[in-house]
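Only one structure is covered here, and it is reproduced in the block below.
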Amino acid sequence: MDPTGNMPDAQDSATSGLPPPPLDEANLNAPFLLSAVKHPPSLPWPDISGRANWSVSSAKFGFGVECLRDGDPDTFWHSDGPQPHFITIEFPRKVPVQKLSIYLSHPQDDSYTPSTLAIRAGTGASDLQDVRIITLEKPDGWITFDVSSEPNEDGDGLKPVNAYVLQIIVMSNHQSGKDTHVRGLRVLGPMEETDPLEEDVFTFKSSDYRMYEGIR
């Protein structure tokens, strides 16, 4: 891992142009998960995007913030202002954020494709701090990565970031492009774990049983 929190080996494999491996359990601990399909991949981390208010630094008419979450791979947010460009995601309360999943396509967007992203988090616009910086080389597809670069207590992954506000900043584009395109973005929470004390220990689920299970 380098000082910016990147993992160079993972980035090299992520951007080599080779087809990505299936997103199965054997690959879930990889620093970068890649999917060449246009639609969002199926992932075990819950999508918490809908809990937040989204805004962007600028946008061309018809290519606004709604294009980031409309599920259509052929639409995209198109910035329309000075750099840096950014996406701000504000939650009504502090939430743990584990990963971001972003859809970029250099073959389609060329110099509009982000090459360096900075992830900032905090309790409000005035105290945002960098938690991760990544560099990308001609990405094409959904790229899923941890927001944090700090190892968790078990040493088998990275900690989530607890924040009210998350900001994704496009620091630079390929070929020194000015405006940017982002075709999709999802915010993912920590993988949900079932508390064994909350599991139903009774396995009788017949219709006759259900008639009387509420009787005391």
Side-chain angles (χ1 to χ4, degrees), residues 7 10-11 13-56 59 62-79 85-91 95-110 112-115 117-119 121 131-132 134-148 157-158 160-161 163 166-170 173-174 180-193:
M7 298 185 180
Q11 290 181 44
S13 64
T15 57
S16 64
L18 297 174
L23 297 181
D24 59 24
E25 292 184 2
N27 298 314
L28 292 182
N29 289 328
F32 289 84
L33 298 177
L34 303 172
S35 175
V37 298
K38 287 188 173 183
H39 293 282
S42 177
L43 297 168
W45 300 277
D47 186 349
I48 59 173
S49 307
R51 303 180 189 176
N53 180 58
W54 291 52
S55 60
V56 291
F63 297 88
V65 65
E66 68 279 357
C67 296
L68 293 169
R69 299 188 52 227
D70 63 4
D72 185 346
D74 295 320
T75 65
F76 48 86
W77 166 50
H78 189 318
S79 66
H85 311 297
F86 52 87
I87 302 163
T88 304
I89 302 167
E90 300 176 83
F91 291 92
V95 298
V97 179
Q98 185 70 55
K99 293 178 182 283
L100 289 175
S101 192
I102 189 168
Y103 179 35
L104 304 172
S105 180
H106 184 268
Q108 296 182 86
D109 298 325
D110 199 42
Y112 290 96
T113 311
S115 59
L117 299 175
I119 315 302
V131 292
R132 189 78 189 269
I134 68 167
T135 57
L136 302 161
E137 180 64 31
K138 298 181 179 180
D140 186 24
W142 284 90
I143 305 167
T144 303
F145 58 92
D146 283 278
V147 170
S148 168
L158 299 175
V161 170
L166 198 68
Q167 198 169 71
I168 297 91
I169 301 172
V170 180
N173 292 319
H174 284 72
T180 199
H181 289 179
V182 177
R183 292 178 173 267
L185 183 65
R186 302 166 74 199
V187 182
L188 307 177
M191 198 178 298
E192 296 174 340
E193 297 182 358

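What you see below is based on every heavy atom in this structure, not just the backbone, and it leaves out hydrogens, waters and symmetry mates.
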Student check: side-chain heavy atoms of Val95 and Val187 closer than 4.5 Å
no

Pro73 versus His39, closest heavy-atom pair with distance:
CD-CE1, 3.6 Å

When rounded to the nearest 0.5 Å, the distance separating CD1 of Ile102 from OG1 of Thr144 is 10.0 Å

Could you tell me whether the side chain of Trp54 reaches within less than 4.5 Å of the side chain of Leu185, counting heavy atoms only?
yes

Among Thr180, Leu136, Asp140, which one satisfies side chain to side chain contact (heavy atoms under 4.5 Å, CB included) with Leu104?
Leu136

Test item: Leu117 and Arg132 side chains (from C-beta on) under 4.5 Å apart, heavy atoms
no

Closest non-hydrogen atom pair between Cys67 and Gly62, with its separation:
SG-O, 3.8 Å

Given side chains that start at C-beta, do those of His85 and Ile169 come closer than 4.5 Å, heavy atoms only?
no

Report yes if the side chains of Leu188 and Asp47 come closer than 4.5 Å at any heavy-atom pair, otherwise no.
yes

Does any part of the side chain of Leu100, heavy atoms only, come nearer than 4.5 Å to the side chain of Phe145, both counted from C-beta?
yes

Carefully, step by step, assess Leu43 and Lys99 under the rule side-chain contact (heavy atoms from CB on, under 4.5 Å).
CA-CA 11 Å; Leu43 297 168; Lys99 293 178 182 283; over 6 Å; no

Find the distance between CD1 (Ile87) and OG (Ser55) and round it off to the nearest 0.5 Å.
9.5 Å

Nearest heavy-atom pair of Ala121 and Ala163: which atoms, and what distance?
CB-CB, 3.9 Å

Within this structure, what is the NE2-CD distance for the pair His181 and Gln108, rounded to the nearest 0.5 Å?
10.5 Å

Give a yes or no on this: more than 12 heavy atoms of other residues, nucleotides or ligands lie within 6.0 Å of atom OH of Tyr112.
no

Do you know the tightest heavy-atom contact between Asp74 and Lys38?
OD1-NZ, 3.7 Å

Using 0.5 Å steps for rounding, measure from the CH2 atom of Trp142 to the CZ atom of Arg183.
11.5 Å

How long is the straight-line distance from CG of Asp110 back to NZ of Lys138, given to the nearest 0.5 Å?
9.0 Å

Exercise: identify the closest heavy-atom pair between Arg69 and Ser49
NE-CB, 3.7 Å

Evaluate the ring planes of His174 and His106, with Trp represented by its six-membered ring, and classify them as parallel (under 30°), tilted (30 to 60°) or perpendicular (over 60°).
tilted

Rounding to 0.5 Å, atoms CH2 (Trp45) and CD (Gln98) come to a distance of 8.0 Å

Using the rule given for side-chain contact (heavy atoms from CB on, under 4.5 Å), can you reason through Ile168 versus Val182, listing the C-alpha separation, both sets of side-chain angles and the distance that settles it, and then say yes or no?
CA-CA 11 Å; Ile168 297 91; Val182 177; over 6 Å; no

Taking C-beta and beyond as the side chain, do Leu28 and Pro44 meet within less than 4.5 Å on heavy atoms?
yes

Considering all heavy atoms, the nearest Pro46-Pro190 contact:
CD-O, 3.1 Å

